[in-house]
Each structure stands twice: as C-alpha cells, then as structure tokens.
Amino acid sequence: MYLWDLTRKVPKLLSTTATAEGDPSSLAFAGRAPLLVVASSRITVLDIRDPSRPKVAEALADFASGADVSPDGKLVAASAGNDTVRLMRLSSAGKLSAVGTLRDAPSAVVAFAPSGHLVATAGQDHTVRLWDIAEPRRPRLRALFNGQSGVPLVNGRPMAFAPDGRTLATAVGASAIQLWDVSDPFHPKQSSRLSGHTALVDSLAFTPDGRTLASTALDGEVAEVEEGRRRGSTHTQGAVRLWNLHGAAASSASAAIPGSVISPQPFDREGQIIVAGQPATLWQVGGASEPRRLGTLTSTGQGGQYISFSPDGHTLASGYPLRFWDASTPSRPRPLAGTRAVEDGMYPVTYGPDGSLLAMVGPSGAIRLWQVSDPGHPRALGTLTGSRTGAFAFAGDRNLVAAKRADDKSVQLWDIKNPNAPAKSDVITAAPATVESLAASPDGRTLYLGDSRGSVTACDISEPRRTRQLGVATRHSDAVTQLAAHPTQNLLASADRKGDVRLWATGGPAALRETALLATDFPLLDGLAFSPDGGTIAVASAGYGTQLWRTDVDTILRELCAQSVPITEPEWKQYLPDRPYDPPCA
C-alpha cells in the first residue's frame, strides 16, 4: 500500500506499507481523523499522523474483504464471513470495538451513505441490502433488491452512494453499472443502467457535486510494444470512464444549476449568464468550467417571480408585479423602477424582439403590453382582452402576438402595430384538447401549439387573417406544457407533463420531425428555453434544478474528436473491411 502527497503538481510518494498477506481490497480514511482503515483478510487501522511513517493502531483477523468507514469516522462496517457484517466503533486512537452485527448479509461489498445512518451491502447472491444503523446495536433491514451484481471482486469498491445520499450506484452483470434512487430507503427505485465497459466494473466513485460518476474496469488486453529485439509480455489495460448524471438518471447535459424555475428568456444576449430559481439568481454558465453564482435578486413575494433578460442583456424584468433591474454588473444587479403590487405571484413576462415592448400576465389572467424603452419609466399600453394566463408568444418582429384565450381551447392572434389598441386577427382552435403552450418560429411565420393530448401542431400564420395547419406530431404521451423555438435554425424543443423533452426539426413537407429525445421523466418541468445564439438549451425541473445541454453539433463533434483516440487503419480493416479507410475526425 502506498501513501502519496497530492498537494503538489507532481504527486510525491510518502511511504509504502505492508499491512497483511494479499492485496488490500478497500481503503478508507476515517473522516478528519489521521486514521486509515485497510481491509483484506484482516481489518487494519493505520495511524498516519506522520504519513511518512504509518503505524499500525489496530489489526483484527478473520474478516472477508469489504469494509467502509462512516462519514464522521466513528464507525467501521466490515464483512466478517458467515453472511454477517460487523459494525465496530472506531476510537480516536484507532482502536475497534464491536457494537452490532448485520445478519443474513452475504456481503463482499459494504458502503456507508453520506448521512452515516444507512449502510448498503452486496454479495454473491446478487442482492443489495439497505440497513438502517441509526442505532448500531439494533440494525434494521430497510430494503432488499436484486442488484444483479455478479460476483463481487476481492479488490475494489463496486458500489457507491452519491454525496446527497439519494443515489446508489452498483456494478451489475459482466460490465454494466446500475443506478438506484434510494431517496426513500424503504422503496428503492431502479433507474438508469450505464454500459460501455467490456469487463467487470471493480470501482465506483462520485465527484463531490454528485454530477459525475467515475468507474474503473480491466477493459481488454494489449501487447507491449517491441523494444529492440525483445517483445514484452501481454498485460491487461485498465480503463476509467466518467458518466454525467442527474440524480439517479444518466444525462448528456453539460452543466446544471440549483434553481428550478426559468422564464422563456432566462439568458443574457451572449448566452453566458442565466437567471433561475426562487429567489432568482444569476449564474455564469459560459466561459467557465463550472457554473458560477453571480448575484441574487430580492423577491417581492414568497413564491418568487419569473425573471426575463431584455434582448440587449442590460435589463432584467420580473412579473408580477412588473419590476426592473440594471444587469450591467451581473454580480450586483441594481433595482430600477417598477409597478406597485396589489398582490404577488409568479406570472410570465416576455420582451418583444427589439426590447421596446414587453408583455406581462397579470393576476386576472389578461396580458398587457408595456412600453419599456426606458425601463426606469415603464408605460402601460393596451390589453389583449379575453387572454388567459400562461401561454403567449411574440411572432418574431411581425407586430403579432399569439395568446391563449380564456376558453383554453383556442389561440387568438393579435395585430399590435398600434400597441395601445391591439386588434384581433384570427382564432386557431385546438378543441377538443386544451392549449397548454405556444412558441413562434424566428421569422414569425409559424406558430406551434402544445396541447393536453400530447400533440404539437404547426400552423402557418404568414397571413394572420387566414391561418392554416401544417402538421401535427403526436409523440408525447402527456400534455405538452413547454415549447421553445431555436432562434436561428429550424429546430423546436417540447416538454410534456410526464417529463419527456423532445427536439424537432421544423419545416419541410413533414412540418415536424423528431430528431432526439433529450431527457425523460424529469419531474415538474417549470421552464424550457434556448440561449439567444441557440447554442444551449435550458430545462428547469423541480428535483433536478436547471439542466443545460449544448446544441451546437459542430462544436460537440470537434470536442469529441479532440478527446478520442484516432482509429488506425488495421483497426478499420478489422471492423469495417468492406469500406475504404476514412477515419472520422481526420
């Protein structure tokens, strides 16, 4: 066993220690105490106050393999054979004393949850068990589920809890990883399965933020290169894989922030900053390796407000009531003028394309237009009478607004050339379904309706007084509550009440053609938006915060190529013998 100093750019070996016969199967630091617990055929506690000269503080024989230490460093759980796991108290001096036993636990793998009150065990019976050890002398089995974990390895840690304790990852089968939602320990739920390794997964570990899982496996054998006249022996090459996660679900999202509420216009002009959450918080999400908190806006009500960026990115607006902030310095947004609130609540507020007009839903449900060229002195204009809270959209720069009517089954088109007196143009019906969401194409000539049946309908509104239906897509299985149109390309995003997010290619004979299922089962979706350049899409969901996906395919491909090992011509001939050598990324 080796101890390394990681405080320098090049790790330095501090000491080498032989603790028992055979290789250690697991290592665990005892919280902040200068103790290291090593499991093999015995449990050894090392005093590492002087890491260059570790001392054995305790050594107990007759153990199987797996062991772990509670997050506070006060308990050790170790597989003791005979289908038992022993719970032991660890003193500050490194001494172990028995306090309890997990019986009927055929285990070679043991893992503490971050709370320290829950232990997971897994063994050769392919079963994972969750134990409540809040009272270590009286441990209680809370759940038992089939992990299909295969034969546990003697050397490794193929089971790990996420830092929030809500997700458990276990190695399964010959080469896969199973994620479990254990937020309710009595009723664990099977979630995503991760595949990609070609050999048994022997170790799992989460990053501190819980968004990335690392796994190791001995993926394949390679021959050493020939040196001079001698050829080295064949050896096994290990592989480390990193997986993006959101809770117990796998995801390809590039980043995530805590806030789970966003408006239809949450990004600044460059797409570098997003405003989300309750209270609304500004985050830098571009030009940084991880999202960075900038500033928070004071909420006028307990429920918070939807906050939108103006098209120039200099101003933030909230509704209801209508309030403004100068966002020139995102870390210190400065309050400007605003209307007085008769009552507060979360109501949408959306800027027109040039930023001089703004539409806001009031408590009555009616949509009102505002002149906001000078955000310090907003001026009320006309009202879209008969409109209904929740769904409206500016149709590009065509002086046209679409708004759901009070009957919930139709959409009214409004001519706003004279914003003081909006004029009705046409009515689009969705009956017998109800209208749930609206979005317009960048040129303002196509309107998209999401309805309660799970349909997305494309309508030609190039002639506002003679609208016509272009096509209907019915891939969603629940009400389509969110729609967002790409600002520059023929692309539409939709999300339903079930939590599925889909991407559609628009235009052409089919009007709507599904291109991707971006996410599934995101609970309580509360926002969907593209960045102004279209390079990012944000999806807000209670329980998952706001997830960000990259939509710039060319940039993603360049990054993948930069991170990938080029396929050689012999490899190409092995897998694609019928095609001429034409490697990707060449």
Side-chain angles (χ1 to χ4, degrees), residues 252-277 280-297 305-318 323-336 348-358 372-375 393-394 396-397 439-444 482 484-493 503 518 527-540 545-559 562:
S252 57
S254 60
I257 57 177
S260 59
V261 173
I262 60 173
S263 80
Q265 297 169 328
F267 288 95
D268 74 336
R269 181 175 56 183
E270 289 77 24
Q272 302 291 298
I273 297 172
I274 188 171
V275 57
T281 302
L282 294 166
W283 295 84
Q284 181 180 347
V285 293
S289 57
E290 292 290 336
R292 182 167 66 92
R293 184 190 297 267
L294 297 175
T296 300
L297 304 179
Q305 282 82 41
Y306 287 110
I307 309 290
S308 291
F309 263 105
S310 61
D312 63 10
H314 295 159
T315 307
L316 292 163
S318 76
R323 292 185 180 275
F324 297 91
W325 289 264
D326 181 346
S328 301
T329 305
S331 59
R332 295 189 302 274
R334 182 171 60 88
L336 298 172
V349 54
T350 303
Y351 279 93
D354 66 359
S356 63
L357 278 182
L358 180 145
V372 292
S373 298
D374 179 2
F394 283 92
D397 59 0
S441 61
D443 62 8
Q482 306 283 339
H486 194 287
T488 61
Q489 300 178 12
N490 293 326
L491 190 66
L492 181 74
L503 295 180
L518 195 64
L528 180 69
F530 282 97
S531 61
D533 64 358
T536 302
I537 186 170
V539 181
T546 296
Q547 313 298 327
L548 304 175
W549 274 267
R550 300 276 297 279
T551 59
D552 185 344
V553 176
D554 292 337
T555 299
I556 295 171
L557 289 177
R558 284 195 296 269
E559 292 179 355

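Although no hydrogens or angles enter the test, the distance criterion places a donor-acceptor pair under 3.5 Å between the side chain of Asp268 and the main chain of Ile273. Judged by distance alone, the side chain of Gln265 and the main-chain N or O of Tyr351 form a donor-acceptor pair under 3.5 Å. Side chain of Ser260 to main chain of Ala540: no donor-acceptor pair is present (N/O by atom type, distance under 3.5 Å, no hydrogens or angles). Distance alone, capped at 3.5 Å, places no donor-acceptor pair between the Ser263 side chain and the Tyr306 backbone.
Looking only at side-chain heavy atoms (C-beta outward), Val372 and Thr315 stay at 4.5 Å or farther from each other. Contact of the Ser318 side chain with the Leu297 side chain is not registered, since no non-hydrogen atoms from C-beta on lie closer than 4.5 Å. Looking at Asp397 and Asp354, their side chains never come closer than 4.5 Å, going by heavy atoms from C-beta outward. Counting heavy atoms from C-beta on, the side chains of Ser356 and Ser373 come closer than 4.5 Å. By the 4.5 Å heavy-atom criterion applied to side chains, Leu316 and Leu282 are counted as neighbours. With contacts defined as side-chain heavy-atom distances shorter than 4.5 Å, the pair Thr546/Trp283 does not qualify.
Taking the salt bridge (Lys or Arg N to Asp or Glu O under 4.0 Å) definition, one finds that Arg269 meets it with nothing, sequence neighbours left out. Arg332 pairs by the side-chain contact (heavy atoms from CB on, under 4.5 Å) definition with Thr329, not counting sequence neighbours.
Of the candidates Trp549, Phe530, Phe267, Phe267 is the only one forming a side chain to side chain contact (heavy atoms under 4.5 Å, CB included) with Thr536.
Counting all heavy atoms, side chain and backbone alike, Ser328 lies closest to Pro330 at O-CD, 3.4 Å. Across all their heavy atoms, Pro442 and Pro487 have their closest contact at CB-O, 3.1 Å. The heavy-atom pair separating Gly352 from Pro311 by the smallest distance is O-CG, 3.6 Å. Nearest heavy-atom pair across Ala276 and Ile257 is CB-CD1, 3.9 Å. Of all the heavy atoms in Pro264 and Ala529, the pair that sits closest is O-CB, 3.7 Å. Of all heavy-atom pairs between Ser441 and Ala485, the closest is CA-CB, 4.4 Å.
Rounding to the nearest 0.5 Å places CG of Leu503 at 9.5 Å from NE2 of His486. Once rounded to the nearest 0.5 Å, the distance linking CD1 of Ile262 with CG of Leu528 reads 7.0 Å.
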*Audit row: Asp533, Thr488, side-chain contact (heavy atoms from CB on, under 4.5 Å) steps and yes/no*: CA-CA 7 Å; Asp533 64 358; Thr488 61; over 6 Å; no

side-chain contact (heavy atoms from CB on, under 4.5 Å) between Trp325 and Val275: does it pass, once the steps are laid out? CA-CA 12 Å; Trp325 289 264; Val275 57; over 6 Å; no

